[in-house]
Amino acid sequence: QVQLVESGGQLVQPGGSLRLSCAASGLTFSNYAMGWFRQAPGKEREFVAAIRWSGHITYYADSVKGRFTISRDDAKNTVYLQMNSLKPEDTAVYYCATQKFGITSGQLMSITRYDYWGQGTQVTVSS
């Protein structure tokens, strides 16, 4: 079965950096767009970033544009989220998710379009 396992979350000071990883198994990884979402306490899960299944085109939420970078390594079945200039408002549980053949921004930014989800990794930005 499909499994997504996130890692890399931890406590970091404001202005710091983290790299999250999401390792996928049980699927043909190169056929899937990958997305990162986050959920802060008391808030709904929101889109953060996504990368197409082909061409490696990326999309970002306005709140993270210029600070976060999503990338993928199809040989390792892994997607990454490099997070720089972290702010306290970035504190959340971060989830990765898959979407088969996702292409357009409308598809990739829609939480309901994603098929499989990881268990999440906690990122806390605090001094």
Side-chain angles (χ1 to χ4, degrees):
Q1 73 274 24
V2 176
Q3 278 195 314
L4 302 174
V5 180
E6 301 99 334
S7 61
Q10 63 182 59
L11 172 65
V12 63
Q13 291 189 341
S17 297
L18 280 178
R19 189 176 81 154
L20 306 183
S21 300
C22 171
S25 60
L27 76 171
T28 303
F29 185 75
S30 58
N31 288 345
Y32 284 80
M34 299 298 296
W36 284 98
F37 292 77
R38 66 186 181 187
Q39 188 166 17
K43 294 189 176 181
E44 294 192 349
R45 194 170 298 189
E46 65 175 3
F47 170 78
V48 174
I51 186 166
R52 284 185 181 177
W53 70 279
S54 69
H56 291 203
I57 302 297
T58 58
Y59 302 95
Y60 296 95
D62 288 343
S63 60
V64 306
K65 206 170 289 184
R67 299 188 297 123
F68 290 10
T69 303
I70 186 172
S71 61
R72 63 188 295 157
D73 185 338
D74 289 352
K76 295 183 178 180
N77 285 8
T78 300
V79 63
Y80 304 97
L81 185 68
Q82 177 66 43
M83 306 187 295
N84 299 328
S85 302
L86 282 161
K87 305 175 181 179
E89 51 262 44
D90 295 319
T91 295
V93 178
Y94 283 71
Y95 300 89
C96 68
T98 68
Q99 184 181 136
K100 196 168 187 180
F101 298 133
I103 287 285
T104 69
S105 60
Q107 292 171 333
L108 295 180
M109 295 175 74
S110 171
I111 192 171
T112 60
R113 292 271 191 168
Y114 285 81
D115 312 302
Y116 302 101
W117 293 81
Q119 82 290 345
T121 186
Q122 176 70 48
V123 173
T124 303
V125 185
S126 175
S127 55

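One-based numbering along the sequence shown. Heavy-atom basis, side chains included; hydrogens, waters and symmetry copies ignored.
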Look at the side-chain heavy atoms of Ile, Leu, Val, Met, Phe, Trp and Tyr, link any pair under 4.5 Å apart, and say whether [X] and [Y] land in one connected group.
X      : Y     : value
Leu20  : Tyr80 : no
Ile70  : Val5  : no
Trp36  : Leu27 : yes
Met109 : Tyr60 : no
Val79  : Phe47 : no

Exercise. Please list, chain by chain and in numerical order, all residues satisfying side chain to side chain contact (heavy atoms under 4.5 Å, CB included) with Thr91, sequence neighbours excluded.
Key: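 Listed in chain order: Gln122, Thr124, Val125.
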Quiz item: Got a sec, which residues hit side chain to side chain contact (heavy atoms under 4.5 Å, CB included) with Gln39, two or more places apart in sequence or on another chain?
Solution: Arg45, Tyr95
Distance-minimising heavy-atom pair for [X] and [Y]:
X      : Y     : answer
Thr78  : Ser21 : CG2-CB, 4.3 Å
Phe29  : Ala24 : CD1-CB, 3.6 Å
Ser126 : Pro14 : C-CD, 3.6 Å
Ser85  : Ser17 : N-OG, 4.4 Å
Leu108 : Ala33 : CD2-CB, 3.3 Å
Gln119 : Leu4  : OE1-O, 3.4 Å

Quiz item: Is a donor on one side and an acceptor on the other found under 3.5 Å between the side chain of Glu6 and the backbone of Cys96?
Solution: yes
Quiz item: Under 3.5 Å, side chain of Gln82 to main-chain N/O of Arg19, donor-acceptor pair present?
Solution: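 Pair absent, no side-chain N/O of Gln82 close to backbone of Arg19.
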Working to the nearest 0.5 angstrom, can you tell me the gap between [X] [atom1] and [Y] [atom2]?
X      : Y     : atom1 : atom2 : result
Gln107 : Arg52 : CD    : CZ    : 9.0 Å
Leu81  : Thr69 : CG    : OG1   : 8.0 Å
Leu18  : Gln10 : CG    : CD    : 5.0 Å
Arg72  : Thr58 : CZ    : OG1   : 12.0 Å
Leu86  : Gln13 : CG    : CD    : 11.5 Å

Exercise. For the pair Tyr114 and Phe37, name the ring-plane relationship: parallel under 30°, tilted 30 to 60°, perpendicular over 60°.
Key: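 Perpendicular, since the angle between the ring planes exceeds 60°.
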Quiz item: Passes side-chain contact (heavy atoms from CB on, under 4.5 Å), Ser63 versus Arg38? Steps please.
Solution: CA-CA 12 Å; Ser63 60; Arg38 66 186 181 187; 3.5 Å; yes
Answer yes or no: are there more than 12 heavy-atom neighbours, outside [X] itself, under 6.0 Å from its atom [atom1]?
X      : atom1 : result
Lys43  : NZ    : no
Glu89  : CD    : yes
Arg113 : CZ    : no

Self-check item: Side chain proximity check, Thr98 to Met34, heavy atoms < 4.5 angstrom
Solution: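 They are in side-chain contact.
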Practice problem: Quick one: list whatever passes ring pair (Phe, Tyr, Trp, His ring centres under 6.0 Å) with Tyr59, sequence neighbours left out. | Solution: none
Self-check item: Lys87 and Asp90 ion-paired at < 4.0 Å
Solution: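 Salt bridge: no.
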Quiz prompt | Audit row: Asp74, Tyr32, side-chain contact (heavy atoms from CB on, under 4.5 Å) steps and yes/no | solution = CA-CA 10 Å; Asp74 289 352; Tyr32 284 80; over 6 Å; no
